[in-house]
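Let me begin by presenting the structure, written as structure tokens, before commenting on it.
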Amino acid sequence: MMLSRLKPAVGGAPQPADKRKKKGRRIPQLEELLGQRDFTGAIALLEFKRHVGAQDEDTDLWIGYCAFHLGDYKRALEEYEALTKRPDCNTDVWVNLACTYFFLGMYSQAEEGALKAPKSRLQNRLLFHLAHKFGDEKKLMSFHQNLQDITEDQLSLASIHYMRSHYQEAIDIYKRILLDNREFLALNVYVALCYYKLDYYDVSQEVLAVYLQQVPDSTIALNLKACNHFRLYNGKAAEAELKSLMDSASTSFEFAKELIKHNLVVFRGGEGALQVLPPLVDVIPEARLNLVIYYLRQDDVQEAYNLIKDLESTTPQEYILKGVVNAVLGQEMGSRDHLKIAQQFFQLVGGSASECDTIPGRQCMASCFFLLRQFDDVLIYLNSVKSYFYNDDTFNFNYAQAKAATGNTSEAEEISAGGQSFTVLSAF
């Protein structure tokens with residue numbers, strides 16, 4: 001629509017060129033739009049050139065590039081696939097197509113496309129990430145060795161650290177890059193996300209504020225701020241932070257809309273879970289976990305088990321939740337096998353070097369010893385975290401049971417805040 005304004009109205013006299021220039025009415029150059037990261041504007045310009053037959057040999061490639069950076073991976077896929085079918089196709093297009101496949105979750109096609117591309121740093125980074133997705137440690141280390149001390153490679157390494165829950169290692173890389181590149185403001189969001197994962201919500205907020213001062217309408221940053229508020233305060237405070245994004249154009253990316261819908265279910269205590277979460281189970285990893293938690297809270301243990309039984313756990317949260325589900329199912333069915341599996345999951349998390357000194361890690365060890373009926377050990381771990389759960393009924397009930405089991409019935413009566421039966425949900 002803006003391009004049509006360059007033409008005079010029907011019957012109107014044409015404006016002199018110098019007058020049009022004063023009003024700033026000119027077609028922006030592609031380089032300008034790309035420099036401003038105005039990919040929507042760039043696509044409009046490129047499609048206009050294509051429509052009037054003024055395109056050059058790179059027009060289709062640039063449209064694919066812009067669509068990719070807008071998050072419109074299906075459109076980028078169409079452009080790149082069309083290019084690969086041309087007899088004069090530049091082989092570099094294959095790595096672009098492979099990256100598009102990757103972001104669409106089509107990992108086998110991504111690997112196939114990447115291997116058709118000539119060797120490059122981008123190809124190595126993509127294969128590095130694919131090795132992580134496939135769980136191929138041998139290939140992962142091979143591509144890791146090819147990484148160089150350049151920004152793009154180090155950012156790729158940091159992201160792998162993050163996905164493997166090595167948050168401090170990721171922070172170290174991001175901070176090192178920021179020391180030499182203060183203008184890389186988005187890295188503050190990555191650092192803040194790592195601190196969030198480490199449960200340092202206050203620190204996460206401080207680091208995030210640096211970015212939000214410069215980019216106050218960032219969907220990802222505001223969403224992370226809302227998550228911090230949820231952890232620090234409550235769901236209502238978190239939802240208030242998302243209010244400005246609800247009808248904002250900045251949420252035009254589908255992944256952002258889905259992410260916000262998912263988080264609103266969490267902030268609202270599970271409201272709308274069955275409508276929102278099932279379609280997101282294979283899109284947002286946390287959607288499966290939160291749907292499992294919803295089923296547990298509805299006492300639908302079998303549905304929770306069906307949803308998580310085949311999940312290959314890679315994070316402490318996944319191991320903990322599998323432990324919780326097996327413990328509850330074992331109690332309901334009187335199954336020693338499920339209780340043993342639960343005990344092993346809790347011990348795995350609570351005994352790990354990265355989790356042993358965290359609150360969830362200590363809760364896991366308490367749950368492990370509870371299932372083993374070693375209540376003196378249960379109290380050691382519960383005593384170490386009880387100040388964090390002063391008004392938590394579930395925690396106090398479990399604490400009271402452990403006290404009673406060790407013969408401290410009077411203390412158990414004082415502590416007990418009510419409840420129906422022992423549950424290790426407090427470990428999550």
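The model shown is predicted, which means the values in this text are computed figures rather than measured ones. Along the sequence shown, residues are numbered consecutively beginning with 1.
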To the nearest 0.5 Å, what is the distance between CG (L83) and CG (D92)? 12.0 Å

Donor-acceptor contact present, side-chain Y294 to main-chain E271, <3.5 Å: no

Please assess F267 against C227 for the test side chain to side chain contact (heavy atoms under 4.5 Å, CB included), listing each intermediate value before the final yes or no. CA-CA 9 Å; F267 298 161; C227 292; 4.2 Å; yes

Using the ring of each side chain (for Trp, its six-membered ring), is F103 parallel, tilted or perpendicular to Y73, with breaks at 30° and 60°? parallel

Using only atom types and a distance under 3.5 Å, with no angle test, would you say the side chain of Q154 pairs donor to acceptor with the backbone of Q148? yes

Check E79 with R75, please: is the shortest side-chain N to carboxylate O separation under 4.0 Å? yes

Heavy-atom closest pair (L30 atom, A42 atom, distance to 0.1 Å) is CD1-CB, 3.9 Å

What distance do L291 atom CG and L296 atom CG have between them, rounded to the nearest 0.5 Å? 10.0 Å

Hey, is the main chain of A192 close enough, under 3.5 Å, to the side chain of S204 for a donor-acceptor pair? yes

On a heavy-atom basis, the closest approach of G64 and Y80 is C-OH, 3.3 Å

Counting C-beta onward and ignoring hydrogens, is there a side-chain heavy-atom pair between I320 and P360 closer than 4.5 Å? yes

Looking only at heavy atoms, which two atoms of F370 and V378 are closest? And how far apart? N-CG2, 3.3 Å

Going through the checks in order, is the side chain to side chain contact (heavy atoms under 4.5 Å, CB included) test met by F369 and I380? CA-CA 10 Å; F369 286 123; I380 291 173; over 6 Å; no

So, does Q347 use its side chain to make a donor-acceptor pair with the main chain of Q343 at under 3.5 Å? no

In this structure, are over 12 heavy atoms from other groups packed under 6.0 Å from Y190 atom OH? no

May I ask you to decide if the ring planes of F102 and H129 are parallel, tilted or perpendicular, using 30° and 60° as cut-offs? perpendicular

Can you tell me if OH on Y388 sees more than 12 non-hydrogen neighbours from other groups inside 6.0 Å? no

Under a plain distance cut-off of 3.5 Å, with no hydrogens placed, do Q123 and S120 share a side-chain donor-acceptor pair? no

If you apply the rule side chain to side chain contact (heavy atoms under 4.5 Å, CB included), what do you find for C194 with Y196, and how did you get there? CA-CA 5 Å; C194 290; Y196 172 84; over 6 Å; no

Rounded distance [0.5 Å steps], CD1 in I341 versus CG in L371: 12.0 Å

Give the minimum heavy-atom separation between L224 and L193, together with the two atoms involved. CD2-N, 3.7 Å

Distance-only donor-acceptor check, side chains N396 and Y390, under 3.5 Å: no

With a 6.0 Å cut-off (strictly less than), is the heavy-atom count around CZ of R37, excluding the residue itself, greater than 12? no

Distance-only, no hydrogens or angles: does the N124 side chain make a donor-acceptor pair with backbone N or O of F143 under 3.5 Å? yes

Residue that, paired with Y101, satisfies side-chain hydrogen bond (donor to acceptor under 3.5 Å, both in side chains) out of E111, Q109, E112, E81: E81

Heavy-atom side-chain contact between E152 and R121 under 4.5 Å: no

Check for a donor-acceptor pair, side chain of N223 on one end and backbone N or O of T219 on the other, with a separation under 3.5 Å. no

So Y305 and H338, would you call those rings parallel, tilted or perpendicular, with 30° and 60° as cut-offs? perpendicular

Could you measure the distance from the CG atom of L212 to the CG atom of L185? Nearest 0.5 Å is fine. 10.5 Å

Are P316 and S165 packed together at the side-chain level, in the sense that at least one heavy-atom pair is separated by less than 4.5 angstrom? yes

Assess the residue pair C66 and L34 against the criterion (side chain to side chain contact (heavy atoms under 4.5 Å, CB included)); give the C-alpha distance rounded to whole Å, side-chain angles, the decisive distance to 0.1 Å, and a yes or no. CA-CA 8 Å; C66 293; L34 294 175; 3.8 Å; yes

Quick one: does K322's side chain have a donor or acceptor within less than 3.5 Å of a partner on L311's backbone? yes

Within 6.0 Å of OH in Y201, more than 12 heavy atoms from elsewhere: yes

Specify whether Y65 and W62 have parallel, tilted or perpendicular ring planes, treating 30° as the upper limit for parallel and 60° as the lower limit for perpendicular. perpendicular

Among L321, V283, L280, D282, which residue satisfies the side chain to side chain contact (heavy atoms under 4.5 Å, CB included) criterion with R288? D282

Walk me through it: do N383 and Y399 pass the test side-chain hydrogen bond (donor to acceptor under 3.5 Å, both in side chains)? CA-CA 9 Å; N383 281 327; Y399 191 34; 2.3 Å; yes

Straight-line distance of E183 CD to Q214 CD, nearest 0.5 Å: 12.5 Å

Taking the side chain as everything from C-beta on, heavy atoms only, tell me whether L115 gets closer than 4.5 Å to L127. yes

The reported gap from CG in L147 to CD1 in I160 (rounded to nearest 0.5 angstrom) is 9.0 Å

For N234 and A237, the nearest pair of non-hydrogen atoms, with its separation, is OD1-N, 2.8 Å

Modelled atom types, side-chain donor and acceptor of E32 and Q36, under 3.5 Å: no

Nearest non-hydrogen partners of L77 and L104, listed with the distance: CD2-CD1, 3.8 Å

Using a 4.5 Å cut-off on heavy atoms from C-beta on, say whether the side chain of V265 contacts that of N290. no

